[in-house]
Every structure is written in C-alpha cells, then in structure tokens.
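Report on one structure; see the data block that follows.
A note on names: the letters A, B, ... follow the listed sequences, proteins ahead of strands, and every chain is numbered from 1.
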There are 2 protein chains.
Amino acid sequence: MAVHVLAVLAYKEGDRVTSAFLAGSVNTNPVIIRRLLLTLQRAKLVDTCKGAGSGSRLNRSPGRINLAEIYRAVEEAEPFATPARKPNTACPVGHCIRKELDRIFESAQKAMERDLEKTSLADVINAVKASCAAKQAV
Amino acid sequence: MAVHVLAVLAYKEGDRVTSAFLAGSVNTNPVIIRRLLLTLQRAKLVDTCKGAGSGSRLNRSPGRINLAEIYRAVEEAEPFATPARKPNTACPVGHCIRKELDRIFESAQKAMERDLEKTSLADVINAVKASCAAKQAV
DNA sequence: ACAGGTGTAATCACTGCGGTTACTTATTAA
DNA sequence: TTAATAAGTAACCGCAGTGATTACACCTGT
C-alpha cells in the first residue's frame with residue numbers, strides 16, 4: 001500500500017494530492033492513507049500540508065527513492081517470527097539457538113533489502129506506464 | 001520454531017524424540033509441536049512414528065537440510081502483504097501496479113531464500129555447540 | 001492388555017491491521 | 001472574518017492468524 005501511494009504521488013509529479021484521492025486509487029479509507037502518510041513523513045519521504053487545496057507530495061524525486069527505504073519506513077516487524085515464550089534454557093539447544101537464529105535471519109533480511117534497493121520508485125512508475133500503454137495498444 | 005525443533009532433532013542424531021520433549025525445549029505445548037511436525041513431514045524433512053517409545057527424527061542428515069527448505073515448508077504466506085481489496089482500476093496506477101509489485105516482491109523473496117540456502121542445519125547446531133562451549137568456558 | 005505415543009478437532013485468547021465514524025486543528029480562499 | 005477544505009487523531013469494530021489448552025480417538029511395542 002505504501003508503494004502504491006508513493007507511486008501515485010510520483011505519477012502526479014509534485015502536485016499535492018489529497019488523502020481522499022489516494023484512498024480512491026488504493027480503494028480504501030482516507031484515514032488509513034493519512035495514518036500511512038504520517039509514517040512516510042517521519043521517514044522524510046513525503047511532505048504533507050494541511051488546509052484547503054493542499055495534500056501530500058514526494059519529498060524527493062522518484063529516482064532517488066528505492067523500495068528498501070519504503071520497506072524500512074513502513075515495516076517495523078521482523079519478517080521472521082520468533083516465539084513469544086523464551087526457549088527452555090535447560091536444553092543445550094534452547095539455551096543458545098535464539099541468538100544464532102537472530103544472526104541468520106538478520107542476514108536474510110539484509111539480502112532481501114539489498115534486492116529491494118535495486119528498484120527505485122521511478123522504475124516502478126515506468127513499468128506501470130509501459131504496462132498500461134501495452135494494454136491500451138491491445 | 002521449526003528451525004529450533006529441527007535443530008534439536010539434529011542434536012539428537014537420529015534418535016527418535018517425542019513431541020513432549022521438543023515442546024519442553026521450545027517451551028510450548030506438545031500439540032503445537034505435533035502440528036508443526038505434520039508440516040515438516042509433508043516436506044519430507046522428518047519421519048514420525050506413532051506408538052510407544054517412538055517419536056520423530058530427521059529424514060536426512062543435517063548437512064543436507066538448509067534453512068530455505070525449512071522456510072518454504074513452513075511459511076506459506078508471502079512476506080509482503082498486499083491489501084485485500086483490489087486497487088481502483090480506473091486509476092492508471094492502480095490498474096497496473098499490482099502485477100508489477102508481485103514481480104518485485106517475488107524477486108526480493110527469492111534473494112532472501114538464496115541467503116537462507118547458504119546455511120544448513122548442521123551449520124546451526126555447530127554454531128550452537130560452539131556458543132555453548134564458549135559460555136561454559138567462562 | 002496397556003502404557004506411551006501421535007493425529008486431530010474444538011475452543012479460547014491475544015495480536016495486528018484494515019475499516020469506519022467522529023471530532024479537532026490548520027490553512028486557504030472568498 | 002467566515003466558510004470551506006483537508007490533515008491529525010482518538011475510539012471502536014471486525015476479521016484473520018497463531019499459539020495455547022483440553023479432550024479424545026487411534027496406533028504400536030512390550
């Protein structure tokens with residue numbers, strides 16, 4: 001949803017867009033969008049103004065925003081779930097495995113983020129535009 | 001949890017281990033473990049027997065099981081959430097972005113799995129053993 | 001036969017997240 | 001100065017996922 005919202009903002013090239021409009025594209029509620037925009041503001045990805053005739057726009061050019069940044073801004077939970085209860089420390093495996101898994105999972109997450117870094121928001125809208133053009137041609 | 005369970009089985013080197021014992025190490029309920037073991041059976045990672053004095057053991061040597069296999073066996077949900085509602089197809093961005101994002105996210109997931117493939121279950125227990133030895137030395 | 005296991009269903013609680021309504025606050029325009 | 005517009009925010013609902021728990025049927029080696 002975050003990528004979708006930012007893609008619309010990129011598509012609008014600097015024009016301020018209201019949360020109601022974004023909600024229309026994502027097909028959800030403006031409040032959901034505003035909550036998301038607050039997160040994206042904290043990450044300095046968007047710039048939002050209150051008041052009549054205002055809204056949000058990108059804080060940087062789409063070419064200078066990559067998907068890993070968006071991922072980090074939005075996703076605070078780890079992709080790998082660790083059980084709420086602590087393992088049994090009396091078991092030799094249980095005693096030490098948690099730290100080891102944290103190390104391994106962090107590496108995997110970093111690998112994923114490095115892949116996301118390769119795609120910019122500009123790449124996304126270019127692909128979207130190309131895809132739309134292809135459909136219209138047919 | 002899956003890695004923890006399989007690590008204990010690897011640690012026990014072929015001995016059959018009961019779900020109650022595994023539950024003790026993970027600090028959870030035997031039923032949870034049995035449900036997990038059913039999934040791991042389907043993936044041919046473990047071999048479980050019913051009856052008195054039985055339990056589960058690895059189906060392959062720990063060196064031939066990597067964490068990506070475990071991930072695929074256990075995790076059926078995509079790491080990236082896509083909104084339940086379809087985007088607004090009247091919006092040029094909403095109309096085409098979903099397919100594009102699927103492509104990008106699949107690539108990122110693949111990158112993550114490739115990283116997980118680099119670590120085998122044997123690597124995990126070796127690291128755990130080393131970590132325990134270090135602690136005891138202190 | 002029986003004791004020790006798994007398989008499995010039913011149910012509960014907790015959590016996270018999207019959805020919705022309603023209200024407050026800030027800004028622009030008339 | 002007032003009205004309109006839009007974000008900020010709190011409160012609450014519903015849904016889905018998941019671990020936890022209990023209970024019971026079924027299998028198997030001694």
query = Distance-only, no hydrogens or angles: does the A/R16 side chain make a donor-acceptor pair with backbone N or O of A/S54 under 3.5 Å?
reply = no
message = Which residues in residues 37-47 of chain A have a heavy atom closer than 4.0 Å to any atom of DNA chain D?
response = A/L38, A/Q41
ask   = Where is the tightest heavy-atom contact between B/S56 and B/T48, given as atom of each residue plus distance?
value = OG-OG1, 2.8 Å
message = Quick check: closest heavy atoms across B/R98 and B/P83, and the distance to 0.1 Å?
response = NH2-O, 3.4 Å
request  = Please confirm whether the backbone N or O of A/K86 pairs with a side-chain atom of B/N27, one donor and one acceptor, at under 3.5 Å?
outcome  = yes
message = Is any side-chain heavy atom of A/L22 closer than 4.5 Å to one of A/L37?
response = yes
Got a list of protein N/O to nucleotides 15-22 of chain C N/O distances below 3.5 Å?
unit_1, atom_1, unit_2, atom_2, d
C/dG19, OP1, B/R85, NE, 3.0
C/dG19, OP2, A/T28, OG1, 2.1
C/dG19, O3', B/R85, NH2, 3.2
C/dG19, N7, A/R35, NH2, 3.2
C/dG19, O6, A/R35, NH2, 3.3
C/dT20, OP1, B/R85, NH2, 3.4

inquiry  = Measuring from atom CZ of A/R34 to atom CG of A/N29, what distance do you get when rounded to the nearest 0.5 angstrom?
reply    = 8.0 Å
ask   = How close do B/I125 and B/Y11 get, heavy atom to heavy atom, and via which atoms?
value = CG2-N, 4.4 Å
Net bend of the helix from C/dA1-D/dT30 to C/dA30-D/dT1, end axes of five pairs each, nearest 10 degrees = 10°
request  = Measure from CG on A/L9 to P on D/dA7 and round the result to the nearest Å.
outcome  = 11 Å
Least distance between heavy atoms, B/L45 atom then B/R60 atom = CD2-NH2, 3.5 Å
Can you give me the N/O atom pairs linking the protein to nucleotides 27-30 of chain C at distances under 3.5 Å, or say none if there are none?
unit_1, atom_1, unit_2, atom_2, d
C/dT27, O2, A/A52, N, 3.3

key: Any side-chain heavy-atom pair of A/V8 and A/V26 under 4.5 Å   = no
Whole-Å gap separating C1' (C/dG7) and CG (B/L36) = 14 Å
Non-neighbouring partners of A/A2 that pass side-chain contact (heavy atoms from CB on, under 4.5 Å), sequence neighbours left out = A/L36, A/I70, A/V74
request  = Ignoring hydrogens and angles, tell me if any N or O in the side chain of A/E69 forms a donor-acceptor pair with the backbone of A/N66 under 3.5 Å.
outcome  = yes
side-chain N/O A/S19 vs D/dA6 OP1/OP2, d < 4.0 Å = no
Check residues 110-117 of chain B and write down every donor-acceptor pair under 3.5 Å in which the side-chain atom is one partner and the other belongs to a residue at least two apart or another chain.
unit_1, atom_1, unit_2, atom_2, d
B/E113, OE1, B/R72, NE, 2.6
B/E113, OE1, B/R72, NH2, 3.3
B/E113, OE2, B/Q109, NE2, 3.2
B/D115, OD1, A/S107, OG, 3.2
B/D115, OD1, B/K118, NZ, 3.3
B/D115, OD2, A/S107, OG, 2.8
B/D115, OD2, A/A108, N, 3.3
B/E117, OE2, B/R72, NH2, 2.8

query = Where the side chain of B/N88 meets the backbone of B/G94, is there a donor-acceptor pair that is under 3.5 Å apart?
reply = no
